[in-house]
Amino acid sequence: MRIGIGYDVHKLVTGRKLVLGGVVIPFEKGLLGHSDADVLVHAVCDALLGAAAMGDIGLHFPATDPRFKNISSMKLLAATNAMVHCNGFTIRNIDTTIFAEAPKIGPYRKRMQQKLARTVEVDPGCINIKATTTEGLGFIGKGEGIGAMSVALLEKG
């Protein structure tokens with residue numbers, strides 16, 4: 001068994017869609033980034049890559065590469081899943097936390113869980129998504145950004 005941890009954060013800006021866990025969430029701001037800036041999916045990718053000792057998302061999908069400009073992070077997750085499987089690993093579970101003052105994540109949690117599970121080819125019960133605020137503290141608390149953390153458990157063989 002191997003454990004990996006992933007973390008990502010992006011700035012909230014006007015003029016972009018807010019995408020979390022592959023789900024477009026109605027909100028007045030979206031996340032700034034080279035791809036769709038889905039912090040939840042980026043954290044999951046890093047957790048999977050970390051558990052497999054395969055580097056990080058920036059190594060495999062650099063922001064300097066025009067092929068990844070505005071790409072859906074779900075495509076990056078599918079590619080990460082394929083790499084992990086090609087290296088002989090099976091995903092056992094993924095646990096995540098989204099850090100955001102707004103919007104409320106609860107209404108979208110199940111759809112995110114299903115999309116992530118379908119993309120990494122596991123039962124939805126193997127994916128857990130939590131959300132919390134920072135009680136008004138820091139850049140997340142001021143509504144300037146959203147962050148996410150993920151832990152993944154892989155098994156070799």
Side-chain angles (χ1 to χ4, degrees), residues 1-25 27-101 103 105 108 111-122 126-131 134 138-140 142-156:
M1 298 291 221
R2 311 260 307 252
I3 297 172
I5 299 170
Y7 175 78
D8 195 32
V9 63
H10 283 270
K11 181 179 181 176
L12 280 165
V13 296
T14 56
R16 297 259 310 187
K17 290 181 185 178
L18 177 59
V19 182
L20 292 171
V23 175
V24 177
I25 298 174
F27 195 59
E28 65 268 12
K29 293 182 179 179
L31 295 169
L32 181 63
H34 186 69
S35 66
D36 64 6
D38 187 331
V39 293
L40 180 60
V41 173
H42 293 182
V44 170
C45 287
D46 270 347
L48 293 170
L49 292 166
M54 295 175 62
D56 64 20
I57 193 171
L59 175 68
H60 297 281
F61 313 107
T64 55
D65 190 328
R67 292 179 300 160
F68 306 121
K69 180 74 175 159
N70 296 320
I71 193 169
S72 165
S73 294
M74 296 303 283
K75 290 182 180 181
L76 304 180
L77 180 58
T80 299
N81 183 54
M83 287 187 279
V84 165
H85 280 94
C86 283
N87 279 281
F89 291 101
T90 301
I91 298 169
R92 290 298 172 209
N93 83 298
I94 297 171
D95 185 35
T96 68
T97 304
I98 299 168
F99 302 93
E101 290 301 308
I105 303 303
Y108 309 99
R111 280 195 358 224
M112 290 181 202
Q113 178 188 36
Q114 291 169 342
K115 287 190 103 164
L116 291 173
R118 190 169 39 251
T119 303
V120 298
E121 305 169 301
V122 299
C126 295
I127 307 283
N128 188 49
I129 300 171
K130 304 176 298 293
T134 60
F139 69 92
I140 291 174
K142 292 176 187 170
E144 297 171 0
I146 294 178
M149 262 185 115
S150 179
V151 177
L153 178 64
L154 303 183
E155 186 173 21
K156 187 80 167 180

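None of the values given here were measured: they were computed from a predicted structure.
Residues Arg2 and Phe89 share a closest heavy-atom pair of NH1-CZ, 3.6 Å. In terms of heavy-atom proximity, Cys45 sits nearest to Thr80 at SG-OG1, 3.6 Å. Nearest heavy-atom pair, Ser150 versus Ile94, reported as atom, atom and distance to 0.1 Å: OG-CG2, 3.5 Å. Between Met74 and Leu116, the shortest heavy-atom distance links the atoms CE-N, 4.1 Å. The two atoms that bring Tyr7 and Met149 nearest to each other are CD1-CG, 3.5 Å, heavy atoms only. Nearest heavy atoms, Ile25 versus Pro103: CG2-CG, 3.7 Å.
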Walk me through whether His42 and Ser73 qualify under side chain to side chain donor-acceptor pair (under 3.5 Å). CA-CA 7 Å; His42 293 182; Ser73 294; 2.8 Å; yes

Go through Glu101 and Thr134 one step at a time and tell me if the side chain to side chain donor-acceptor pair (under 3.5 Å) criterion holds. CA-CA 7 Å; Glu101 290 301 308; Thr134 60; 3.2 Å; yes

Check against side chain to side chain contact (heavy atoms under 4.5 Å, CB included), Leu18 and Ile146: CA-CA 10 Å; Leu18 177 59; Ile146 294 178; 4.0 Å; yes

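Residues Met112 and Ile98 have side chains in contact (heavy-atom distance under 4.5 Å, counting atoms from C-beta outward). Using a 4.5 Å heavy-atom threshold, the side chains of Lys29 and Val13 count as separate. Looking at Val120 and Ile127, their side chains come closer than 4.5 Å, going by heavy atoms from C-beta outward. A heavy-atom distance below 4.5 Å is not found between the side chains of Leu76 and His60. For the pair Phe61/Ile71, no side-chain contact is recorded, criterion being any heavy-atom separation below 4.5 Å from C-beta on. Between Leu31 and Asp38 the shortest side-chain heavy-atom distance does not fall below 4.5 Å. Side-chain contact check for Asp95 versus Lys130: some heavy-atom pair is nearer than 4.5 Å. Under the 4.5 Å side-chain criterion, counting only non-hydrogen atoms from C-beta, Asn81 is in contact with Ile91.
One N or O on the side chain of Asp46 and one on the backbone of Ile57 form a donor-acceptor pair closer than 3.5 Å. In this structure, Glu155 contributes its side chain and Thr90 its backbone to no donor-acceptor pair below 3.5 Å. Looking only at distances, a side-chain donor or acceptor of Lys156 sits under 3.5 Å from a matching main-chain atom of Asn87. Remark: side-chain polar atoms of His10 are not paired, donor with acceptor, to backbone N or O of Asp36 under 3.5 angstrom.
Taking SG from Cys126 and CG from Leu153, the interatomic distance works out to 10.0 Å, rounded to the nearest 0.5 Å. Atom CG of Leu49 and atom CE of Met83 lie 5.5 Å apart (nearest 0.5 Å). Note: Leu20 CG to Ile105 CD1 = 5.0 Å, rounded to the nearest 0.5 Å. Taken to the nearest 0.5 Å, the CZ atom of Phe99 stands 11.0 Å off from the CG atom of Leu40.
Within 6.0 Å of NZ on Lys17 lie no more than 12 heavy atoms contributed by other residues, nucleotides or ligands.
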